Number of protein chains: 2
Amino acid sequence: MPRMSEADKQRSHRRILDAAARLFRENGSEATSVAEVMNAAGMTHGGFYRHFGSKEELVAAAFRHAVDGVVAGIEEEETPEGRAGERDAYIAKYLSEAHLKDLGKGCPLAALGAELARAGQAPLHEGAEASIRMAEVLRHSADPDNTQGLAIMALMMGTITLARLAENPEDAHRTLEAGKTGAALLQENWK
Amino acid sequence: MPRMSEADKQRSHRRILDAAARLFRENGSEATSVAEVMNAAGMTHGGFYRHFGSKEELVAAAFRHAVDGVVAGIEEEETPEGRAGERDAYIAKYLSEAHLKDLGKGCPLAALGAELARAGQAPLHEGAEASIRMAEVLRHSADPDNTQGLAIMALMMGTITLARLAENPEDAHRTLEAGKTGAALLQENWK
DNA sequence: ATTTTAAGATTACAAATATCATCTAAAGGA
DNA sequence: TCCTTTAGATGATATTTGTAATCTTAAAAT
């Protein structure tokens, strides 16, 4: 287990980011140790600092990596209606039962938004950028502030958070339905 | 520092809950140690287990205590318009700049909702109850599921979470405005 | 009044964890 | 080919943390 090629190092780096992006979303960044991440990436904890200067740095990088993945997933979705179809498809997917339990691949802002705000400067910065990027996906009008996109994003984040707290599937379903109704309303009746 | 009267014990218990409810909201329950809570309550960590069986138990109890405080604060607000005025006042207060930084007294669901879902059975149960109680405050119609209240609550939670991630006051303000516009829309145009 | 109980302080302890030092062997440059 | 560098493994360290044992002393119970 000695020195590996530059390409191998990049693959390792990627595996660390993949593992962290999943584990942080599933269990929170504070409840996940560096060793756990490295282990999930198929390595021991020792090599970690060849890739990141600190855990805080990893939190920021893994969060951005997670957002990158989600945004790419949306954009590669082919719909006949173009951007509007993409948007509607994402809203439906976001407010689905599948997204409820699939924390590890789910919305990074919903899973980590609250703790990012107290995780240091770099993670906070990534959170700020993610807010704008994720809302951009939902943009309707040419409004430069994209307030509509922000509002729909906020409604969806809150909905999935509430639905994940439900104790039975019926309550979770009801919450998701409330979110869907609300999102449709915000789309149709905006200002 | 010996045995105290029953009344004194209750006062201590209350101080622990107050401290935990604030510190958990400010820094997260995972990032806050039992010793920190006890210290903020004016005691050493030794006596903690006379009051709670485990930290997880404290997380659940402190979260409920926080929700109790918020709900009580809403209900004692006197408005000329009765319950509708109460509701509007709470929405305005929730989506205010003051609520942005006042994490320690702010909405427990926004601060802790995501981590409650992974903090064990008792905390999860409190989260589920809180969802219903907090949405109840926002109820408009006689809809037994209170989907409108749920949607408005979700929108507000997401809005404050996004606004807290903003890097400058302007972006935070824009996000709050988006939430206010959305909330008004959900109130006026529901189904 | 005497005995029992228990709140909170002090101390102890075992587990977890972020970070660092060292070692290895192979990669990349000379 | 030789030399320097470095990815990742192994192991160590210092700190933090949840929990428990023990002690003191006054409150309750008898």
Side-chain angles (χ1 to χ4, degrees), chain A residues 1-21 23-24 26-63 112 115-116 118-123, chain B residues 1-21 23-24 26-63 112 115-116 118-123:
Chain A
M1 317 78 185
R3 181 163 186 181
M4 331 224 7
S5 78
E6 177 61 26
D8 278 342
K9 181 180 182 181
Q10 277 177 33
R11 266 189 288 274
S12 293
H13 195 88
R14 171 65 183 263
R15 289 212 314 280
I16 298 173
L17 283 178
D18 285 341
L23 288 174
F24 287 168
E26 282 176 2
N27 306 321
S29 66
E30 284 161 333
T32 305
S33 70
V34 169
E36 277 178 280
V37 171
M38 291 299 281
N39 202 37
M43 285 172 278
T44 59
H45 65 282
F48 174 73
Y49 290 90
R50 303 279 173 184
H51 291 275
F52 299 95
S54 66
K55 185 185 176 183
E56 181 177 320
E57 206 175 280
L58 172 66
V59 171
F63 180 81
L112 299 171
E115 47 183 306
L116 273 192
R118 11 171 162 99
Q121 200 178 19
Chain B
M1 323 83 188
R3 181 162 187 178
M4 330 220 15
S5 78
E6 178 61 26
D8 277 342
K9 181 180 182 181
Q10 277 177 33
R11 266 188 287 274
S12 293
H13 195 89
R14 171 65 183 263
R15 287 212 316 280
I16 297 173
L17 283 178
D18 285 342
L23 288 174
F24 287 168
E26 283 176 359
N27 306 321
S29 66
E30 284 162 331
T32 305
S33 70
V34 168
E36 276 178 280
V37 171
M38 291 299 282
N39 202 39
M43 284 173 279
T44 58
H45 64 283
F48 174 73
Y49 290 90
R50 302 279 174 186
H51 292 275
F52 299 96
S54 65
K55 185 186 175 182
E56 181 177 321
E57 206 174 281
L58 172 66
V59 171
F63 180 80
L112 299 172
E115 48 183 305
L116 274 192
R118 11 172 163 97
Q121 201 178 18

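Remember, predicted model here, so these are calculated numbers, not experimental data.
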Over all heavy atoms of both residues, which pair between [X] and [Y] is shortest? Give the atoms and the distance, please.
X: A/T32; Y: A/G28; value: OG1-O, 2.7 Å
X: B/I16; Y: B/M38; value: CD1-SD, 3.7 Å
X: B/P123; Y: B/A119; value: CG-O, 3.3 Å
X: A/Q121; Y: A/E56; value: N-OE2, 3.6 Å
X: A/A62; Y: A/A21; value: O-CB, 3.7 Å
X: B/E115; Y: A/R118; value: OE2-NH1, 3.6 Å

Apply side chain to side chain contact (heavy atoms under 4.5 Å, CB included) to B/V59 and B/F52, showing your working. CA-CA 10 Å; B/V59 171; B/F52 299 96; over 6 Å; no
Any residue meeting side chain to side chain donor-acceptor pair (under 3.5 Å) with A/D18, in chain and number order, not counting sequence neighbours: A/R14, A/H65
Closest to the B/E6 side chain, choosing from D/dA28, D/dG8, C/dT10: D/dA28
By nearest atom, which of the nucleotides C/dG28, D/dA20, D/dG8 is closest to the B/Y49 side chain? D/dA20
For nucleotides 2-5 of chain C, list the nitrogen or oxygen atoms of the protein found under 3.5 Å from its nitrogen or oxygen atoms, one pair per line.
| residue | atom | partner | partner atom | Å |
| --- | --- | --- | --- | --- |
| C/dT5 | O2 | B/R3 | NH1 | 2.1 |

Would you give me the side-chain donor-acceptor pairs under 3.5 Å for residues 40-49 of chain B, sequence neighbours excluded?
none

Whole Å only: how far is the [atom1] atom of [X] from the [atom2] atom of [N]?
X: A/K9; N: C/dA26; atom1: NZ; atom2: P; value: 19 Å
X: A/M4; N: D/dA9; atom1: CE; atom2: C1'; value: 12 Å
X: A/M43; N: D/dA7; atom1: CE; atom2: C1'; value: 9 Å
X: A/R50; N: D/dA7; atom1: CZ; atom2: P; value: 6 Å
X: B/R11; N: D/dA27; atom1: CZ; atom2: P; value: 13 Å
X: B/E36; N: D/dT17; atom1: CD; atom2: P; value: 6 Å
X: A/D8; N: C/dA26; atom1: CG; atom2: P; value: 13 Å
X: B/N39; N: D/dT17; atom1: CG; atom2: C1'; value: 14 Å

Where along residues 51-58 of chain B does a heavy atom come under 4.0 Å from DNA chain C, residue by residue in number order? B/H51
Only counting residues at least two apart or in another chain, list the ones meeting salt bridge (Lys or Arg N to Asp or Glu O under 4.0 Å) with B/R50. none
Taking the side chain as C-beta and beyond, is there a heavy-atom pair between B/N39 and B/E36 under 4.5 Å? no
Counting primed atoms, P, OP1 and OP2 as sugar-phosphate and everything else as base, the B/S/- map of nucleotides 11-16 of chain D against protein heavy atoms under 4.0 Å is BB----
Select base, sugar-phosphate, or nothing to describe what B/T44 touches, counting heavy atoms under 4.0 Å on all strands. base
